[in-house]
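Have a look at the structure below, then the notes.
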Amino acid sequence: MSKEKVRVRFAPSPTGYLHIGGARTALFNWLFARHHGGTFILRIEDTDRKRYVPDALSYLLESLRWLELDWDEGPEVGGDYGPYFQSQRLELYHKWADWLVEHDHAYRCYCTPAELNEMRAEQRRKGLPPGYDRRCRYLTPEERAAKEAEGRSHIIRFKMPLAGTTTVYDLIRGEITFENSSLDDIVLLKSDGYPTYHLANVIDDHFMEITHIMRAEEWISSAPRHALIYRAFGWEMPKIAHLPLILNPSGKGKLSKRKKQSGSEEVLVNVKEYQDAGFLTDAVFNFLANIGWSYDDSTEVFSREEAIRKFDIKHINSAAAALPFSKMDWLNGIYIRQMAIPELTKALIPFLTEPLDQSEEELAEDDRLPKLVALIRERIKRLTEAAALIRFAYVEDVEYDPHKLIAKKLTAAESLAALREAIRRLEALPEFNEEALEAILRSQVAESGLKAGQLFNILRWAITGQKVAPPLFGSIAVLGRETALRRLRKAETLLLQLVAET
RNA sequence: GCCCUCAUCGUCUAGUCUGGCCUAGGACACGGGCCUUUCAAGCCCGCGACAGGGGUUCGAAUCCCCUUGAGGGCACCA
């Protein structure tokens, strides 16, 4: 890269939650800035008053912070190139829109939305390509004066060159050439006084001294229009790269905001949904960094520092991609297993309060919780999966089908005998901890001629009431002698009834 | 309809720019096995792709052309 200081921006529109595709765009820009020791700018493109959602900004900032994509300039942090909200930069846009009109690069258009709709309807009827027919571009001074006299409001449109071609150099796709005749006179300034994206992004990128634009592929068609606006201003256009789109899981269509559009498969579209689904920040970061970019030919798991060091636009893939959700689960499991117990415990608490009916305080103070977390750490892929596994420790009693207490290839009576022997041993056990429990129960297996699985499955049902549970000895130890024995004795009663019935 | 982009295992990808090291590598998922108190984790094995057709070349996943397929755009939205 050149010696100039890199300045990139992520410029979302505050219309809702942060979309995962937007997050990936932000992530690439952030990686690029950090790699080059440059500046990552957050700019809010709030020029569409119709789609404006009041809470969207806070959702946006929250999700970016959750992903730990810190911005050097922008909302709440300021900077020397502000304001960073386009709605606060209207004077600038007006000034330069007027400049374009004065220099014959733009013109006032008096067409009403109704007239434009009619025009489009007719184009469709005649099978013509849709697009503004430039009727106001050729207004005579008299006609213009007449429109003004009517008191009609106007917008400002750009005068596209009518002939020739415009070539844009895309950092990941190379040259892309367009016929200027296929470009229509786009709107720069709307009748409500707000600029369109086309005008605002050019002016802001210029005055914010943006050096590289990385935005989604859907903007390719706009690139020549933007290039032409830069040219009209006589400004140098930043280098530009269009990132591959993120597709629906089916691989058809860009990932939309509508959910569960692909059968039964789970489709997470907003960053918030990933957070709520129990994914970790670093795992989502790692996951997104691998969509459209890759660390090397064999490394799947890497830290953000490693990604920063390695990131290079040259290695961005140009093809659109569907999100590999199953890989997200696998990756998250890896990150979970890498966490220290206290850290994991803390991360888990918000996901446990509701299902376990405990307050955050109760859980934070419960010294059994870290022990349980240690037992399940390598068994969960999402934070949301923990509750079901450790629920047995947070209920007064466990419920299950008594027939489950009959071990494979044993009769009810034989199972009962095994259970009674285990109870006898546990009652006599001086140290009620995992190691001692394992030793005493394994010796029972050895002495009784039972299979380990036969005895342990009986105990697992009695202790946890679950077919799938954390490791048995640890589970018994966490419950403590009193509770564990109470559950075993209840199982004894249940088995006794089964024996009596047969 | 017009313009533009893209095209390697089911999916994410490496390789493509700078042809030969590619009988195409890795990962997830899937199938099988080992380990094992359930479930996981871990380890081993397997399945599985250069969209098709023409060129260029001693040699093409890689360069060129065509076809096909997929996607994006064509708003007083971004």
Side-chain angles (χ1 to χ4, degrees), chain A residues 11-15 45-48 50-51 109 111-113 116-117 120 123-124 127-132 153-157 168 170 173-174 176-179 181-184 186-192 194-198 200-201 215-224 242 244-245 247 249 251-254 287 290-301 314-315 317-331 333-334 337 376-381 389 438 441-442 445 451-461 464 466-473:
Chain A
S13 184
T15 54
E45 310 226 323
D46 54 348
T47 57
D48 184 352
K50 295 188 202 74
R51 292 202 304 159
C109 169
C111 297
T112 63
L116 294 174
N117 281 336
R120 274 189 286 268
Q123 288 168 336
R124 204 172 313 119
L128 294 167
Y132 182 58
S153 62
H154 68 268
I155 59 175
I156 291 180
R157 286 184 185 273
V168 174
D170 182 293
R173 288 158 221 275
I176 305 175
T177 300
F178 298 77
E179 292 287 337
S181 59
S182 72
L183 275 22
D184 66 358
I186 52 172
V187 176
L188 300 175
L189 210 57
K190 302 183 264 186
S191 59
D192 62 5
Y194 279 70
T196 59
Y197 172 83
H198 303 297
N201 103 83
R215 51 160 47 158
E217 191 183 340
E218 55 199 339
W219 290 106
I220 290 179
S221 309
S222 296
H242 290 95
L245 241 29
L247 272 21
K252 296 203 185 291
K254 60 177 177 177
F287 176 71
N290 260 329
I291 305 299
W293 180 75
S294 59
Y295 189 86
D296 60 25
D297 61 355
S298 58
T299 309
E300 297 285 334
V301 184
K314 285 276 175 285
H315 287 106
N317 193 145
S318 50
L323 290 177
F325 284 109
S326 62
K327 211 165 182 175
M328 178 75 253
D329 277 322
W330 165 77
L331 242 195
I334 287 180
R337 275 173 259 134
I376 62 166
R377 181 171 53 179
E378 65 184 41
R379 277 162 241 277
I380 57 172
K381 289 189 161 66
L389 284 170
E438 175 155 17
L441 291 171
R442 283 205 187 278
V445 168
K451 294 255 190 199
Q454 292 176 312
L455 206 220
F456 299 159
N457 281 324
I458 296 170
L459 300 181
R460 178 171 301 104
W461 276 107
T464 68
Q466 299 167 191
K467 179 181 189 304
V468 174
L472 182 60
F473 314 118

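So you know, we letter chains A, B, ... as the sequences are listed, proteins then strands, and number each from 1.
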>> Quick check: do A:N317 and A:W293 have side-chain heavy atoms less than 4.5 Å from each other?
In response: no

> Less than 4.5 Å apart, any side-chain heavy atom of A:H198 and any of A:S222?
Replying inline: yes

> Considering only the C1' atoms, how many Å lie between B:C76 and B:G71, rounded to the nearest integer?
Replying inline: 28 Å

> When the C1' atoms of B:G46 and B:G72 are considered, how many whole Å apart are they?
Replying inline: 39 Å

> To the nearest angstrom, how far is A:L245 atom CG from B:C4 atom C1'?
Replying inline: 13 Å

>> By nearest atom, which of the nucleotides B:G72, B:C3, B:C76 is closest to the A:L116 side chain?
In response: B:C76

> For the pair made of CD1 in A:I176 and C1' in B:C3, what is the distance, rounded to whole Å?
Replying inline: 12 Å

> Which of these nucleotides, B:C76, B:A40, B:G73, is closest to any side-chain atom of A:K254?
Replying inline: B:G73

> Side chain of A:T464, backbone of A:W461: donor and acceptor closer than 3.5 Å?
Replying inline: no

> Is there side-chain contact between A:L389 and A:I380, with heavy atoms separated by less than 4.5 Å?
Replying inline: yes

> To the side chain of A:I291, which of B:C77, B:U38, B:U13 is closest?
Replying inline: B:U13

>> Please name the nucleotide paired to B:U38 by Watson-Crick or G-U wobble geometry with both distances under 3.5 Å, or report none.
In response: none

> To the nearest Å, how far apart are A:H315 NE2 and B:A14 C1'?
Replying inline: 9 Å

> Among B:U13, B:C4, B:C6, which nucleotide sits nearest the side chain of A:S294?
Replying inline: B:U13

> Can you tell me how far P in B:C3 sits from the matching atom in B:C66, rounded to whole Å?
Replying inline: 14 Å

> Contact class for A:K451 (heavy atom, under 4.0 Å): base, sugar-phosphate, or nothing?
Replying inline: nothing

>> Under 4.0 Å, heavy atoms only, any strand: does A:T177 hit a base, just the sugar-phosphate, or nothing?
In response: sugar-phosphate

> Taking the nucleotide of RNA chain B with the closest heavy atom to each, which residue, A:G292 or A:C111, is nearer the 5' end?
Replying inline: A:G292

>> Let's see if you can work this out: which of B:A75, B:C3, B:G42 has an atom nearest to the side-chain heavy atoms of A:F178?
In response: B:C3

> In terms of side-chain heavy atoms of A:R120, which of B:A78, B:A75, B:U38 is nearest?
Replying inline: B:A75

> Paired with B:A70 by Watson-Crick or G-U wobble geometry, both distances under 3.5 Å: which nucleotide is it?
Replying inline: B:U5

> What's the closest nucleotide to the A:P130 side chain, out of B:C74, B:A41, B:U38?
Replying inline: B:C74

>> In whole Å, measure the gap between the C1' atoms of B:G33 and B:C47 for me.
In response: 15 Å

> When the distance from CG of A:L331 to P of B:A41 is rounded to whole Å, what number comes out?
Replying inline: 13 Å

> Between B:U38, B:U13, B:A41, which nucleotide gets closest to the side-chain atoms of A:N317?
Replying inline: B:U13

> Given the C1' atoms of B:G73 and B:U56, what is the spacing between them in whole Å?
Replying inline: 35 Å

> When the distance from CH2 of A:W219 to C1' of B:C4 is rounded to whole Å, what number comes out?
Replying inline: 15 Å

> Base, sugar-phosphate, or nothing for A:R124, non-hydrogen atoms under 4.0 angstrom?
Replying inline: nothing

> How would you label the contact of A:P14 with the nucleic acid (heavy atoms, under 4.0 Å): base, sugar-phosphate, or nothing?
Replying inline: nothing

> Touch check for A:R157, heavy atoms < 4.0 angstrom, all strands: base, sugar-phosphate only, or nothing?
Replying inline: sugar-phosphate

>> Could you tell me the Watson-Crick or G-U partner of B:G48, where both distances fall under 3.5 Å? Say none if there is no partner.
In response: none

> Tell me: CG of A:L183 to P of B:A75, nearest whole Å?
Replying inline: 12 Å

>> One pair to check against side chain to side chain donor-acceptor pair (under 3.5 Å): A:R173 and A:H242. What are the steps and the verdict?
In response: CA-CA 8 Å; A:R173 288 158 221 275; A:H242 290 95; 5.3 Å; no

>> Under 4.0 Å from OP1 or OP2 of B:C77: is there any side-chain N or O of A:K190 that close?
In response: yes

>> Between A:E217 (side chain only) and A:L245 (backbone N and O only), is there a donor and an acceptor less than 3.5 Å apart?
In response: yes

> Is A:P471 touching bases, backbone alone, or none of the nucleic acid, heavy atoms closer than 4.0 Å?
Replying inline: base

>> If we ignore hydrogens and angles and just use 3.5 Å, is the side chain of A:K190 paired with the main-chain N or O of A:T47 as donor and acceptor?
In response: yes

> Parallel, tilted or perpendicular: which describes the rings of A:Y197 and A:W219, with under 30° parallel and over 60° perpendicular?
Replying inline: parallel

>> Here's a test of your reading of the structure: between A:F473 and A:I334, which maps to the more 5' nucleotide of RNA chain B?
In response: A:F473

> B:G55 and B:U11: how far apart are their C1' atoms, nearest whole angstrom?
Replying inline: 33 Å

>> From the set B:G73, B:A40, B:C6, return the single nucleotide nearest to any side-chain atom of A:A319.
In response: B:C6

>> Is there, by distance only and without an angle test, a donor paired with an acceptor across the side chain of A:S191 and the base of B:C76 below 3.5 Å?
In response: yes

> So which nucleotide does B:C63 pair with, by the Watson-Crick or G-U wobble rule with both distances under 3.5 Å?
Replying inline: B:G55

> Which value, in whole Å, describes the distance between the P atoms of nucleotides B:G52 and B:U68?
Replying inline: 16 Å

>> Taking only side-chain N and O atoms of A:T196, does any of them lie within less than 4.0 angstrom of OP1 or OP2 on B:A75?
In response: no

> How long is the line joining CZ of A:F456 and P of B:U36, in whole Å?
Replying inline: 13 Å

> Is the distance from OP1 or OP2 of B:A41 to the nearest side-chain N or O of A:K381 less than 4.0 Å?
Replying inline: yes

>> Between A:D296 and A:T299, is there a side-chain donor-acceptor contact under 3.5 Å, judged purely by atom types and distance?
In response: yes

> How far, in whole Å, is B:G10 from B:A51 if one measures between their P atoms?
Replying inline: 12 Å

> Rounded to the nearest Å, what distance is computed from the CZ atom of residue A:R215 to the P atom of nucleotide B:C4?
Replying inline: 18 Å

> Short question: side chain of A:T196, backbone of A:V187 - any donor-acceptor pair under 3.5 Å?
Replying inline: yes

>> Any side-chain N or O of A:R379 below 4.0 angstrom from OP1/OP2 of B:U38?
In response: no

> Using 4.0 Å as the upper bound for N to carboxylate O, is an ion pair formed by A:E300 and A:K327?
Replying inline: yes

>> What's the closest nucleotide to the side chain of A:S182 if the choices are B:C3, B:G1, B:A7?
In response: B:C3

Just the table, please: protein N/O against nucleotides 26-28 of chain B N/O, every pair under 3.5 Å.
unit_1 : atom_1 : unit_2 : atom_2 : d
B:G26  : O2'    : A:S298 : O      : 3.3
B:G26  : N2     : A:E300 : OE2    : 2.9
B:A27  : O4'    : A:E300 : OE2    : 3.3
B:A27  : N3     : A:K327 : NZ     : 3.1
B:C28  : OP1    : A:W330 : NE1    : 3.3
B:C28  : O2'    : A:S326 : O      : 3.4
B:C28  : O2'    : A:S326 : OG     : 3.0
B:C28  : O2'    : A:K327 : N      : 3.2

